Amino acid sequence: MDFRSFRLQAPKDWSKLKMDAYDSNAGIIITKNNDSIFYDYGPYSYSLEENVTIISRKDFNELLAVNPKADTTQFIVIDKNTNREDFIKSKITYKNIDGYKAKILEPKQVGKGMTGVYIDSLKTGSIGNIKFNLYGINLKKESQAELLKAIHTLQFRK
């Protein structure tokens, strides 16, 4: 599949939907299982960070002592014997793809979490670093495997 600024090898039954993006090349790919895979090539591409706030019991108590009305509804409070990794849905690896350092995410449990790739600096443009992401959320097993395979075929226009 060719997206002007990048291309990848994907199953023939994937289809592209182009979005109207002012400052980037962004869109959606639909898999044969009707899963959505999003892409964004531009200065504001999402870094695929999980929005999980994990805080130790000690730090949590200190926060409440300073600010008793702090909103802690999104916090996961752990003790010193707890592994932080147990609360993150995706495992992260770093690989070289087409000469760039890429962060690759894969859910620890198929169908629950994010599958994708993020590159934080392809080149520098007039409005800053050009970044890239390609990802799906809660993908079916087949779509996840196909996306992970396609990620490794990415090629960027130099």
Side-chain angles (χ1 to χ4, degrees), residues 1-56 59 74-76 78 80-158:
M1 297 180 93
D2 195 323
F3 298 85
R4 291 186 335 268
S5 39
F6 70 96
R7 63 182 150 178
L8 57 83
Q9 293 174 20
K12 294 185 183 343
D13 45 22
W14 283 15
S15 59
K16 292 190 273 187
L17 297 176
K18 182 74 174 117
M19 294 176 11
D20 290 328
Y22 174 73
D23 53 9
S24 65
N25 175 6
I28 303 172
I29 300 166
I30 306 298
T31 70
K32 73 178 177 186
N33 296 314
N34 286 324
D35 280 327
S36 298
I37 298 171
F38 305 90
Y39 66 89
D40 187 358
Y41 177 102
Y44 307 110
S45 300
Y46 169 48
S47 65
L48 309 186
E49 295 295 323
E50 286 189 39
N51 292 326
V52 178
T53 303
I54 301 171
I55 187 169
S56 72
D59 291 343
Q74 299 297 315
F75 288 10
I76 297 174
I78 61 174
K80 63 182 177 184
N81 299 320
T82 306
N83 184 355
R84 290 175 177 266
E85 291 298 314
D86 292 343
F87 296 94
I88 298 173
K89 291 181 182 179
S90 300
K91 60 183 176 182
I92 298 171
T93 56
Y94 291 89
K95 294 192 175 163
N96 189 310
I97 295 178
D98 196 31
Y100 300 99
K101 182 181 178 183
K103 175 171 77 172
I104 300 173
L105 285 85
E106 181 177 354
K108 292 178 181 176
Q109 183 179 350
V110 173
K112 296 191 179 194
M114 192 178 302
T115 304
V117 62
Y118 172 73
I119 300 172
D120 72 358
S121 185
L122 291 167
K123 61 184 176 181
T124 302
S126 60
I127 52 177
N129 277 353
I130 301 302
K131 304 167 188 175
F132 174 78
N133 69 35
L134 174 73
Y135 68 96
I137 299 171
N138 302 333
L139 299 176
K140 294 173 191 74
K141 184 176 182 177
E142 183 179 23
S143 298
Q144 179 179 320
E146 291 172 343
L147 176 55
L148 288 168
K149 185 176 179 183
I151 284 169
H152 291 89
T153 69
L154 278 165
Q155 295 179 317
F156 298 93
R157 303 249 189 268
K158 309 272 190 217

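Note that this is a predicted model, so its numbers are computed, not measured. Computed over heavy atoms, backbone and side chain alike; hydrogens, waters and symmetry mates excluded.
- The environment of K112 atom NZ is sparse: at most 12 non-hydrogen atoms of other residues, nucleotides or ligands sit within 6.0 angstrom.
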Is there a side-chain contact (heavy atoms from CB on, under 4.5 Å) between I104 and L148? Walk through the geometry before answering. CA-CA 9 Å; I104 300 173; L148 288 168; 4.1 Å; yes
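- With hydrogens and angles disregarded, no donor-acceptor distance shorter than 3.5 Å links the side chain of N129 to the backbone of S121.
- The side chain to side chain donor-acceptor pair (under 3.5 Å) with K140 is formed by just one residue from the set D35, N34, N33; it is D35.
- Atom-to-atom distance recorded for T93:OG1 and L105:CG is 8.0 Å, nearest 0.5 angstrom.
- What you find for S47 and K103 is that their closest heavy atoms are O-NZ, 2.8 Å.
- Rounding to the nearest 0.5 angstrom, the gap separating the CD1 atom in I97 from the CD1 atom in I151 is 6.5 Å.
- Applying the side chain to side chain donor-acceptor pair (under 3.5 Å) criterion to N133, with sequence neighbours excluded, gives no partner residue.
- Side-chain atoms of L154 and Y100, non-hydrogen and from C-beta on, never get closer than 4.5 Å to each other.
- Atom CG in D120 sits 11.0 Å away from atom CG in L48 (nearest 0.5 Å).
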Check the pair E106, Q144 against side-chain contact (heavy atoms from CB on, under 4.5 Å), reporting the backbone distance first and the verdict last. CA-CA 8 Å; E106 181 177 354; Q144 179 179 320; 3.7 Å; yes
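- At least one donor-acceptor pair under 3.5 Å links the side chain of N25 to the backbone N or O of F3.
- When each of D40, I119, V117 is checked for a side chain to side chain contact (heavy atoms under 4.5 Å, CB included) with L134, only V117 meets the rule.
- Annotation: F38 is not in aromatic contact with Y46 [ring centroid separation under 6.0 Å not met].
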Verdict with reasoning, K123 to F156, per side-chain contact (heavy atoms from CB on, under 4.5 Å): CA-CA 10 Å; K123 61 184 176 181; F156 298 93; over 6 Å; no
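- The two residues I28 and Y39 have their closest heavy-atom pair at N-CE2, 3.6 Å.
- The number of heavy-atom neighbours closer than 6.0 Å to NZ of K12, taken from other residues, nucleotides and ligands shown, is 12 or below.
- Evaluation of the side-chain hydrogen bond (donor to acceptor under 3.5 Å, both in side chains) test over residues 148-157, restricted to residues two or more places apart or in two chains, returns D2-R157, R7-Q155.
- Under the 6.0 Å distance and 45° angle rule, K131 does not count as a cation-pi partner of Y118.
- With hydrogens and angles disregarded, a donor-acceptor distance shorter than 3.5 Å links the side chain of N138 to the backbone of G113.
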Take I29 and S15 through the test side-chain contact (heavy atoms from CB on, under 4.5 Å) and record every step on the way to the result. CA-CA 6 Å; I29 300 166; S15 59; over 6 Å; no
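- Ring centers of F6 and F132: under 6.0 Å apart, within the cut-off.
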